[in-house]
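One structure is given below, encoded as structure tokens.
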Number of protein chains: 2
Amino acid sequence: MGRNRATLADVARLAGLSKTAASMVLNGREGTRLSAEAHQRVFAAAEELGYRPNVAARSLRTRKTATIAFVSDIVATTRFAGGLIRGALDAARERDHVLLITETQGDAAFEQYAIEAMLDRQVDGVIYAAMATRRLAVPPAILGGPVVLLNATSPVQLQLPCVLPDDERAGAMVAETLLAQGHRDRIALIGRNRQKESDPEISLAAEARLRGIRSTLAATGVTLLVEGFCPEWLPEHGYAATRRLLDRPTRPSAIICMNDRLAFGAYQALGEAGLTIPGDLSVISFDDDPIASWLRPGLSTAALPHEQMGRRAVELLLDGDAVGPSFVPMPLRRRRSVAAPAG
Amino acid sequence: MGRNRATLADVARLAGLSKTAASMVLNGREGTRLSAEAHQRVFAAAEELGYRPNVAARSLRTRKTATIAFVSDIVATTRFAGGLIRGALDAARERDHVLLITETQGDAAFEQYAIEAMLDRQVDGVIYAAMATRRLAVPPAILGGPVVLLNATSPVQLQLPCVLPDDERAGAMVAETLLAQGHRDRIALIGRNRQKESDPEISLAAEARLRGIRSTLAATGVTLLVEGFCPEWLPEHGYAATRRLLDRPTRPSAIICMNDRLAFGAYQALGEAGLTIPGDLSVISFDDDPIASWLRPGLSTAALPHEQMGRRAVELLLDGDAVGPSFVPMPLRRRRSVAAPAG
DNA sequence: ATGCTCTGCTAAATCAGTTTAGCGACGTAG
DNA sequence: CTACGTCGCTAAACTGATTTAGCAGAGCAT
């Protein structure tokens, strides 16, 4: 890989100057007294030789590598990871940085290994990302340098900068959307889950979304008609919860699903029951999973702003001296699954 | 990030030996005549100081970084990328390597930039990945060192090692599955697409899948009842193609979909038409997208072995001196969408 | 006593940059 | 005429590892 690359010494020789001069010119150092002509000669030589500095040599001296570690529990392999990584990649490129990506798979030994591998390579900072928005314990090893938590917070005393989706506001928007269409006392919700709501190490989203929904409804004097519990946020549980909903005497006019996979299950149950969306029932949800746009009708949902979040993490890491959480808004994708309640 | 790390000189000093001795012991060099006691002392000192070598310094000398570049067109951000990266990450870790990931977004300038950034960092090799299985032009810059193409081939004369899913065999398995259930002359297919089938720079999968299906059916004297064309392999096109299928006089007993997203569209159309799967019609497909397991009934599909592929790419890069393509089998996920044709 | 080999170890060069300290020439002020 | 400052540039140290070349001492044969 890249043998015969020109070195700084080659550039200096061709320019008829010292390595020092060449280095200073190429780094655009202020306050050197090198002549305009010297600048010219160095640039010309570098250009001619196609010179590119050796990052290893440079970082040996400077302790900077223009490399960021992106460590995640398991995020890199999930659908959600894509956006996070893409956003981080874009922001990193804009700042001439590069991403070293690892996954811990939630395994302490792997995590230890991954972090050491990153630190051995002198990364300039670490982005520590979680798949599910949650609170997590930060491995002490990375606290020696800049760290940003992505889709996660840390126990309060650390006050690390972190990037989170604004789930509470999203909950409010979802509720507002239904209220605006005239839904009132027949709004159901599926996806309640005690574990997710009470244990911040499992999820921060559940509680925040619920809080946003409830407070917004409450402001108009509305309370939820039913709240369906689900052991996981998967289609099959959305399906089961929706069937339970339909067995009740009062049929809801709208269903809020805690995420799109539940909503997918709801669509299946409603389809089987011969009910149409949004004619008989409106459905609205969270995440903007790709299936949301594939469903018929398209599912209205508050999108997890993954790209924005990944981008923000890099920005905070490199530019900022931020402390505490930075919330990224979740835009509402309006599709066809919400309408006014039937007669 | 990681200041005050112990250096090799620190270890040597504590062990009462020279840097040379320490280096040799820690690298397990054969044929040195260092005493057993010297080994002990070095190991003890390294342990005590928590010594970890500085990769930048080492690679400056050795020109090895234990780092692999993973460059993709756009793969890193898609659902499919997850498995590819995960497999590569696992295999890399097993060999004590780390992955530098970039995305070119199909943009030549970005690609140029990404590759230079990787080479500047002295990566030991490059994995060049494509989102859609296809043939691509390899940027000359990376040909200086080891390269493996992932989910892609290169124009023949290069003979680069590459990793591809075995789509033809998958097509055969899909056809065999239907034949085994007794389907014969009412097998339909949706997802024909002239562009994908004829331009290897767009897709290699379409043509291979089709070839596997056709030759297997032909061996039993069967030909496809209908072949539905789709401008893209998206749910809406699967939906439209399936509706067209149902408008024909002879209703198919089974539908082969060129991928799972088309199959999702087919499910939607069949559901609307009041047809049940697999009672009225069997459906079978390719990819094993997550939705395949979410559908009701679960969709039988030939899985893209992303993790295996990512893993194989790293193995070929580091261990092998392979030439040409390496095919990874696509396992058939048998779910409930296939049954014997109705009476 | 001399020369030779073998053992156990080390000094110093090297990789490719950055950075510190300072040198010689020239101009100007006293 | 000398002292001093500025200009334009460079030698050499430094980063932390690997690797080459070779040294000192012990043991043995001649």
Side-chain angles (χ1 to χ4, degrees), chain A residues 1-43 45-46 49-67 119-124, chain B residues 1-42 45-46 49-67 96 119-124:
Chain A
M1 211 93 264
R3 326 90 326 205
N4 23 350
R5 285 165 67 113
T7 69
L8 184 62
D10 297 332
V11 173
R13 196 172 315 122
L14 182 58
L17 289 164
S18 67
K19 282 199 306 172
T20 309
S23 172
M24 287 172 154
V25 167
L26 292 174
N27 288 307
R29 274 271 284 258
E30 311 271 313
T32 74
R33 295 177 301 229
L34 294 164
S35 65
E37 201 222 330
H39 277 77
Q40 293 287 354
R41 292 217 308 272
V42 171
F43 286 130
L49 297 174
Y51 171 72
R52 307 220 91 220
N54 178 319
V55 174
R58 168 180 290 169
S59 59
L60 180 57
R61 184 80 235 253
T62 60
R63 303 176 160 283
K64 298 232 166 295
T65 48
T67 301
L119 296 183
D120 290 352
R121 285 170 180 78
Q122 315 270 124
V123 294
D124 294 344
Chain B
M1 210 91 262
R3 322 93 327 203
N4 23 349
R5 285 165 65 115
T7 69
L8 184 63
D10 297 330
V11 172
R13 196 172 314 121
L14 182 58
L17 290 163
S18 68
K19 283 197 308 173
T20 309
S23 172
M24 287 173 154
V25 168
L26 292 174
N27 288 309
R29 274 271 284 258
E30 311 271 312
T32 74
R33 296 177 299 232
L34 293 164
S35 64
E37 202 222 328
H39 277 76
Q40 291 287 354
R41 292 219 306 274
V42 170
L49 297 174
Y51 171 71
R52 307 220 91 222
N54 178 318
V55 173
R58 168 179 291 169
S59 60
L60 180 56
R61 186 76 234 255
T62 61
R63 310 183 153 278
K64 298 232 162 297
T65 49
T67 302
D96 256 314
L119 296 182
D120 290 351
R121 285 169 180 78
Q122 312 270 125
V123 294
D124 295 344

Determine, for A:Asp120 against B:Arg5, whether the closest basic-nitrogen to carboxylate-oxygen distance falls under 4.0 angstrom.
yes
Spacing of B:Glu37 atom CD relative to C:dT7 atom C1', expressed in whole Å:
15 Å
Partner of B:Ser59 by side-chain contact (heavy atoms from CB on, under 4.5 Å), out of B:Thr67, B:Thr65, B:Val123
B:Thr65
Rounded distance (Å) that lies between atom C1' of D:dT10 and atom CG of A:Leu17:
10 Å
As an exercise, state the distance from CG of B:Asp124 to CZ of B:Arg63, rounded to the nearest 0.5 Å.
11.5 Å
Once you round it to whole Å, what is the distance between P of D:dT18 and NZ of B:Lys64?
14 Å
Check the distance between D:dT19's C1' and B:Glu30's CD and give it to me in whole angstrom.
16 Å
Expressed as a whole number of angstroms, how long is the span from A:Arg33:CZ to D:dG5:P?
13 Å
Global bending angle along the helix from C:dA1-D:dT30 to C:dG30-D:dC1, which compares the axes of five pairs at either end, to 10 degrees
80°
With rounding to the nearest 0.5 angstrom, report the CG to CZ distance, B:Leu8 to B:Arg52.
14.0 Å
A:Gln122 and B:Val55, any side-chain heavy atoms less than 4.5 Å apart
no
Interatomic distance where CG belongs to B:Leu49 and C1' belongs to D:dA17 [whole Å]:
16 Å
Out of B:Arg41, B:His39, B:Gln40, which one pairs with B:Glu37 under the side chain to side chain donor-acceptor pair (under 3.5 Å) rule?
B:Arg41
If you measure from CE on B:Met24 to CG on B:Leu26, what distance do you get to the nearest 0.5 Å?
12.0 Å
Which part of the nucleic acid, if any, lies within reach of A:Ala38 when heavy atoms closer than 4.0 Å are counted: base, sugar-phosphate only, or nothing?
sugar-phosphate
What does the B/S/- profile of nucleotides 14-20 of chain C look like, 5' to 3', with a 4.0 Å heavy-atom cutoff to protein?
BBBBBBB
To the nearest 0.5 Å, how far apart are OG1 in B:Thr7 and NZ in B:Lys19?
8.0 Å
